[in-house]
Amino acid sequence: MEVGSQSMQVQVSFDFDQTGQTPAAMRVYFYPLDGNTTSQPLRFDLPPSGGMVQLAAGDYRVLAYNVDAQNILEQDDDTYDLFQLTTQRYEVEVTEQEDNKGNRSARRRLFGSNLPIGEDEQPDFPLYDTPNWTCACRQELFRVEPPKAGDVSVSSSTLALTAHEAVKQVEFELSGIEGVSNATLLRGSISGIPSGYRMATGLPVNDLGLMTFAARVDEERGVILGSVTVWGFCPPDDTDARQYLNIYIWSNGGNYYVTQDITDQMRSGEASNLQHVTVHIESQGIDLTGADAGDSGFKPSVGDWEEQNSNIQL
């Protein structure tokens, strides 16, 4: 059916039963299926309760997401198949630096420091802002029927869109560190993860990047905890991509980092369609008991990092 010139009222509603929360506002795109690939989509911003929009009679494909997500950027929104959500991208400076033992290794400039990179980890990923909570809707075909001949009343259609989570959560727990309460600063990075979300498929994109996050000490349990929001645990079509988790620990008694390839657990979470994946790491050999906790411990560009490679408990 070709899109006609007759304007119709369409009542749009949203169902958020499958999401963890209800947004403050939704943006809806209607893409005309009129055979003209240059047709621009029609865009409407609506409250979560929905609302009325005006559309010409015809067939449409529909995409929607919560426009109140704040740090979310639209990319290629004029094309249904290419439309993706992403966040701000930054280029990360990567240098080589010599450690105290005379070995040269790649370093990323993050958190004001030149931080070590895992031995097998790709160093030159761009950095992306961690996405805020996002939900999305899609419908492959929505038909706006023209009024019947002789019908003088105002005709209307209804469109009910079901929202799904567009982001996922990676949580980690790092144990086995002596004197963990003496850590003065904790930060983390996760690399090799999707940089965006493809609206038409509901899948993460294959362009990969790096995201950073803060961490904290649970003194009662003696562990380090943290979490990061991502578009997906791993790219859907790139089976060679690897995901690495790095935890950086500053203390007055020394600086340490724990690096781990978490690909297998990430892929397991994606295959199981989980919304949360928790990575358990047990480190050995890090002892902060002699560290003085009275200073911040933040030392930009230091070179005396000690690496710890740990096995994940699946």
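The model shown is predicted, which means the values in this text are computed figures rather than measured ones. The figures here come from the full heavy-atom set of this structure, side chains too, leaving out hydrogens, waters and symmetry mates. Numbering starts at 1 and runs along the sequence shown.
A single hydrophobic cluster is seen to contain both Y90 and L110, as judged by linkage of ILVMFWY side chains at heavy-atom distances under 4.5 Å, directly or through other members. Residues L203 and L73 do not share a hydrophobic cluster, defined by chaining ILVMFWY side chains whose heavy atoms lie under 4.5 Å apart. I286 and L186 fall within the same hydrophobic cluster, where Ile, Leu, Val, Met, Phe, Trp and Tyr residues are linked whenever their side-chain heavy atoms come under 4.5 Å apart, directly or through other members. Note: the hydrophobic cluster containing F125 does not contain Y244 (ILVMFWY, side chain heavy atoms under 4.5 Å, direct or indirect links). No path of Ile, Leu, Val, Met, Phe, Trp and Tyr side chains, each step under 4.5 Å between heavy atoms, connects W250 with L225, placing them in separate hydrophobic clusters.
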Run the side chain to side chain contact (heavy atoms under 4.5 Å, CB included) check on R104 and Q97 step by step: do they pass?
CA-CA 5 Å; R104 296 187 67 81; Q97 187 168 326; 5.9 Å; no
Go through the steps to decide whether Q40 and D78 satisfy the test side chain to side chain contact (heavy atoms under 4.5 Å, CB included), and finish with yes or no.
CA-CA 6 Å; Q40 292 296 304; D78 58 343; 3.8 Å; yes
Can T212 and Y248 be said to form a side chain to side chain contact (heavy atoms under 4.5 Å, CB included), step by step?
CA-CA 11 Å; T212 61; Y248 299 98; over 6 Å; no
What do the steps show when you test Q75 against D77 for side-chain hydrogen bond (donor to acceptor under 3.5 Å, both in side chains), and what is the final call?
CA-CA 5 Å; Q75 186 171 310; D77 58 318; over 6 Å; no
Pair V205, Q84 - check side chain to side chain contact (heavy atoms under 4.5 Å, CB included), show working.
CA-CA 8 Å; V205 301; Q84 73 176 63; 3.6 Å; yes
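The pair E74-R27 meets the salt-bridge criterion, with a side-chain N (NZ, NE, NH1 or NH2) lying under 4.0 Å from an Asp/Glu carboxylate O. Under the 4.0 Å criterion applied to side-chain N and carboxylate O atoms, R89 and D207 are not assigned as salt-bridge partners.
In this structure, the side chain of D287 does not engage the main chain of I177 through any donor-acceptor pair within 3.5 Å. In terms of modelled atom types and a separation under 3.5 Å, the side chain of E121 and the main chain of N246 share no donor-acceptor contact. Panel note: side chain N132, backbone Q70; no donor-acceptor pair is recorded below 3.5 Å. Judged by distance alone, with hydrogens and angles left aside, the side-chain atoms of S272 form a donor-acceptor pair with the main-chain N or O of S268 at under 3.5 Å. Looking only at distances, a side-chain donor or acceptor of T263 sits under 3.5 Å from a matching main-chain atom of Q243. Using modelled atom types, no side-chain atom of D218 and backbone atom of V223 make a donor-acceptor pair closer than 3.5 Å. At distances below 3.5 Å, at least one donor-acceptor pair connects side-chain atoms of E165 with backbone N or O atoms of G20. A donor-acceptor distance shorter than 3.5 angstrom exists from the side chain of S251 to the backbone of G253, with no hydrogens or angles considered. Put simply, the side chain of R108 gets close to the backbone of P123: a donor and an acceptor are under 3.5 Å apart. N71 places a side-chain N or O within 3.5 Å of a backbone atom of T130 that can act as its donor or acceptor partner.
The shortest distance between side-chain heavy atoms of Y257 and P116 falls below 4.5 Å. A 4.5 Å side-chain heavy-atom check between Q88 and Y128 finds every atom pair outside the cut-off.
Here the shortest heavy-atom pairing between M266 and C234 reads O-SG, 4.4 Å. Taking each heavy atom of P236 and N206 in turn, the nearest pair found is CD-OD1, 3.2 Å. Nearest heavy atoms, F233 versus G269: CD1-C, 3.7 Å. Contact record, V217 with V180: CG2-O, 3.7 Å, taken as the closest heavy-atom pair. For the residue pair M26 and C135, the shortest heavy atom distance occurs at SD-SG, 4.1 Å. Minimum heavy-atom separation, Q54 to F44: O-CZ, 3.6 Å.
In this structure, F83 has its ring center closer than 6.0 angstrom to the ring center of Y29.
One distance of note links CG of L210 with OG of S189; it measures 5.0 Å at 0.5 Å rounding. Summarising the geometry, atom OG1 belonging to T19 is positioned 4.5 Å from atom CH2 belonging to W133; distances are rounded to the nearest 0.5 Å. Rounding to the nearest 0.5 angstrom, the gap separating the CG atom in L161 from the CZ atom in F16 is 9.0 Å. Atom CH2 of W231 and atom OG1 of T86 lie 7.0 Å apart (nearest 0.5 Å). We find the CD1-CD1 distance between I193 and I190 to be 5.0 Å, quoted to the nearest 0.5 Å. Interatomic distance, OG of S283 versus CD1 of I224, reported as 8.5 Å (0.5 Å rounding).
A donor-acceptor contact closer than 3.5 angstrom is absent between the side chains of Q169 and H276.
Partner of N114 under the side chain to side chain donor-acceptor pair (under 3.5 Å) criterion, chosen from R109, R107, E96, E93: R109.
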